There are 2 protein chains.
Amino acid sequence: MSAIINDIEIIKAKTTKINEVDFDNLTFGKVFSDHMLECDFKNGSWQAPKIVPYQGITLDPSAKIFHYGQSVFEGMKAYKDANEDVWLFRPLENFKRLNISSKRLAIPELPESYFMEGLKALLEVDKNWIPTKEGSSLYIRPFVFASGKGFHASPADEYKFIICTAPSGAYFSGKVKVLIEETYSRSANGGVGFAKAGGNYAGQFYPTQLAVEKGYQQVIWTDDTNHEYIEEAGAMNIFVRINNTLVTGPTSDRILDGITRKSIIELAKAEGIPVEVRKISVKEVVEAAKNGSLKEMFGAGTAAVISPISGFGYKDADYDLPEIADSYGSKLKKIITDIQTNKSEDPFGWRFKVE
Amino acid sequence: MSAIINDIEIIKAKTTKINEVDFDNLTFGKVFSDHMLECDFKNGSWQAPKIVPYQGITLDPSAKIFHYGQSVFEGMKAYKDANEDVWLFRPLENFKRLNISSKRLAIPELPESYFMEGLKALLEVDKNWIPTKEGSSLYIRPFVFASGKGFHASPADEYKFIICTAPSGAYFSGKVKVLIEETYSRSANGGVGFAKAGGNYAGQFYPTQLAVEKGYQQVIWTDDTNHEYIEEAGAMNIFVRINNTLVTGPTSDRILDGITRKSIIELAKAEGIPVEVRKISVKEVVEAAKNGSLKEMFGAGTAAVISPISGFGYKDADYDLPEIADSYGSKLKKIITDIQTNKSEDPFGWRFKVE
Ligand SMILES: Cc1ncc(COP(=O)(O)O)c(C=O)c1O
Ligand SMILES: Cc1ncc(COP(=O)(O)O)c(C=O)c1O
């Protein structure tokens, strides 16, 4: 069966897998919807995107993705409200960031309409896959990678842009204990840390495994020069609350410019919470933990939304962060989630209706 | 047709593509031999490797290689001498480095026999593909990547180890002009620069493109803290000759421990050339170029062997390196190539006969 939505060709799956899915007990990113968007870059330009059944991708063994890590991705969520309306959160920000990442990785940038119209068509076709249970959503994964062939260490001549979706529950189960890193690093000055490039994540796995073995769930990355300033977590930006001020580090070429982070900054200001964007030294955090002025810490990112941090480790010592009554994290999480899921007004115009 | 060599199952290609190849005019890494080695990691262990026809690899769209850049590789060469004997150069070093890279990328390490016996079986099956023309060789690309599924940013549970081969000519055509980098960086302290990880290469493409637009072929990477010391080139370690001393930087967690580099150091010492392994500042190189004590520079790596550098750019100035009569680079290139191709004695025991 073939159709056209928003000028996009749709090849429908012959059967649906939706009845195999337990929507009440979703994990994160492990089951995939019936369709995906596929779009090829060849002969110097992006070809028309298509919706096709979710299916395997066949590549030549010399495809540059296998050898030179030329890949970038995004992470977004779609929500369905009680009226069956479908919502995205600031999707153009993801589109723009995808192209920022692509440029740094020498990947050809995508036209906005291929991304936006393609995504809308995909969500229309797989609308039934969007969970409605609180805390669940349809996780959306747009990605671009080098499919062109050859062992020369240079950019590929062919690429694939794909969007897959996965009905998902929470990214973390429960609170997160983090380790402030003093040996390994995530990114270099002048490197690709600000890009959502595949290679940035693989490099984090081993140090994170070491942290997990010590009883933590995540690493807090620090600058690679002296491990003096806290930067971000695996897939989240970091906020700390010192007394009543919410502080987060400035973005840089080492840090991902998170959409949740910048939304939280605006929301907090609108709520009258004092917010500072400035470098945060490890020393400051440790001292604040010791003298009791460190009230809370949380991570912010699309997958984990706002993820409270229950404590951190640093240089063989552990610092606990007991739960507090008037938590900024809880408050801001409710506000942002209500906007995302169309449960409240949207004074910032962030919500985007898929139609 | 199926057979067993060194206990390895061989599924032979039905036809050969060898007659389509112009062995007199080979480029680098663009045509591939008839077979490849394939080996899967699943259920917690590496399964027996097989030789199969060179063919496409089909992966789930959620395979972690596409999203999180979990991949490592090696580069080696096989040579065939006048007696049709086949030679490798220090292959165990490549095997060991592959596992060093894998460990840092949270990829399961390979058993030595799978790598060595698999490679030998592959070279036996595709022996006809090894070029004999001077300057040509069979370029060998072992690589390992995450084939396991899922969008959670954590190590995959399945991997593929593949070896492909490509009859190849020179990596660079002619001398190379390089740009000493002052903005971008290749790797972080505590990062993955010492590993042959895919993501390290993608991150170099954009800065290299900018250098190419300015008329250079390669970037010389510097430390990411102050861009003060020269580190290495895209896929080569760097040597400079100041007066009669050959100098190369020490390896570190930012720099690949090149097999050509360490062989060159030993060969130069054996030839009575004064060798220093120490940090080389950009300032020192620029001053030596100005006062005439910088006699030559060359890159060293498997693909490019020894690649003479004809000049470098730094801060909008260009410095030429005229050819000299008693070039260390030319001399060492002849010595190492003669060892590799079985044209001379091999006092170090580096040559490895495939049988
Ligand atoms: C490294 C990193 N930092 C921060 C974030 C948070 O960004 P966003 O809020 O746009 O999802 C992410 C991804 O989601 C990330 O991968
Ligand atoms: C970044 C980098 N540096 C140096 C080298 C040289 O290493 P080898 O001599 O082992 O080939 C390579 C690869 O070949 C490389 O990729």
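If you're wondering where the values come from, they're calculated on a predicted model, not measured in any experiment. Note on naming: letters A, B, ... go to the chains in the order of the sequence lines (proteins, then strands), and numbering restarts at 1 for each one.
- The choice from A:C164, A:G69, A:G193 that makes the most heavy-atom pairs within less than 4.5 Å of chain B is A:G69.
- Using a 4.5 Å cut-off on side-chain heavy atoms (C-beta onward), B:I65 and A:I65 make contact.
- Contacts of A:R104 with chain B are made by both backbone and side-chain atoms, with heavy-atom separations under 4.5 Å.
- Contacts with chain B were tallied for A:V192, A:I162, A:L59; A:L59 has the most, counting heavy-atom pairs under 4.5 Å.
- For A:F73 and B:F66, the gap between ring centers reaches or exceeds 6.0 Å.
- Here the side chain of A:D224 pairs a donor or acceptor atom with the backbone of B:N189 at under 3.5 angstrom.
- A:F205 touches chain B through backbone and side chain together, each having a heavy atom under 4.5 Å away.
- Most heavy-atom pairs under 4.5 Å with chain A, from the set B:A146, B:G190, B:A166: that is B:G190.
- For a residue to count as touching a neighbouring chain, one of its non-hydrogen atoms must lie under 4.5 Å from one of that chain's; by this rule B:A235 does not touch chain A.
- Under the 4.5 Å side-chain criterion, counting only non-hydrogen atoms from C-beta, B:F32 is in contact with A:D60.
- Ring centers of A:Y171 and B:H152: under 6.0 Å apart, within the cut-off.
- Residues satisfying the side chain to side chain contact (heavy atoms under 4.5 Å, CB included) criterion with A:K17, sequence neighbours excluded, are A:E20, A:D34, A:Y54, A:W129.
- For chain B, the option among A:A197, A:G234, A:G199, A:S154 with the highest count of heavy-atom pairs below 4.5 Å is A:S154.
- Only the backbone of A:S187 comes within contact range of chain B, judged by heavy atoms closer than 4.5 Å.
- Interface residue A:Q70: backbone and side-chain heavy atoms are both found under 4.5 Å from chain B.
- Between A:S168 and B:F151, the closest side-chain pair of non-hydrogen atoms is not below 4.5 Å.
- Of all the listed residues (B:A202, B:G29, B:A303), the one sharing the greatest number of non-hydrogen pairs under 4.5 Å with chain A is B:A202.
- Per-residue heavy-atom pair counts under 4.5 Å with chain B were compared for A:G150, A:S62, A:S71, A:G191, and the maximum is reached by A:S62.
- Looking only at heavy-atom pairs under 4.5 Å with chain B, the residue among A:H227, A:R141, A:K30 that has the most is A:R141.
- When ring centroids are compared, A:H67 and B:Y201 stay outside the 6.0 Å threshold.
- Heavy atoms of A:T225 lying under 4.5 Å from chain B belong to its backbone as well as its side chain.
- With a threshold of 4.5 angstrom between heavy atoms, A:K103 approaches chain B through its backbone and through its side chain.
- Residue A:F143 touches chain B through its side chain alone, counting heavy-atom pairs closer than 4.5 Å.
- Contact check for A:I57 versus B:T58: no side-chain heavy atoms found under the 4.5 Å cut-off.
- In this structure, the portion of B:Q55 lying under 4.5 Å from any heavy atom of chain A is its backbone and not its side chain.
- For B:Y184, the parts sitting under 4.5 Å from any heavy atom of chain A are the backbone and the side chain alike.
- Annotation: maximal heavy-atom pairing with chain A below 4.5 Å, among B:A195, B:P155, B:A156, occurs at B:P155.
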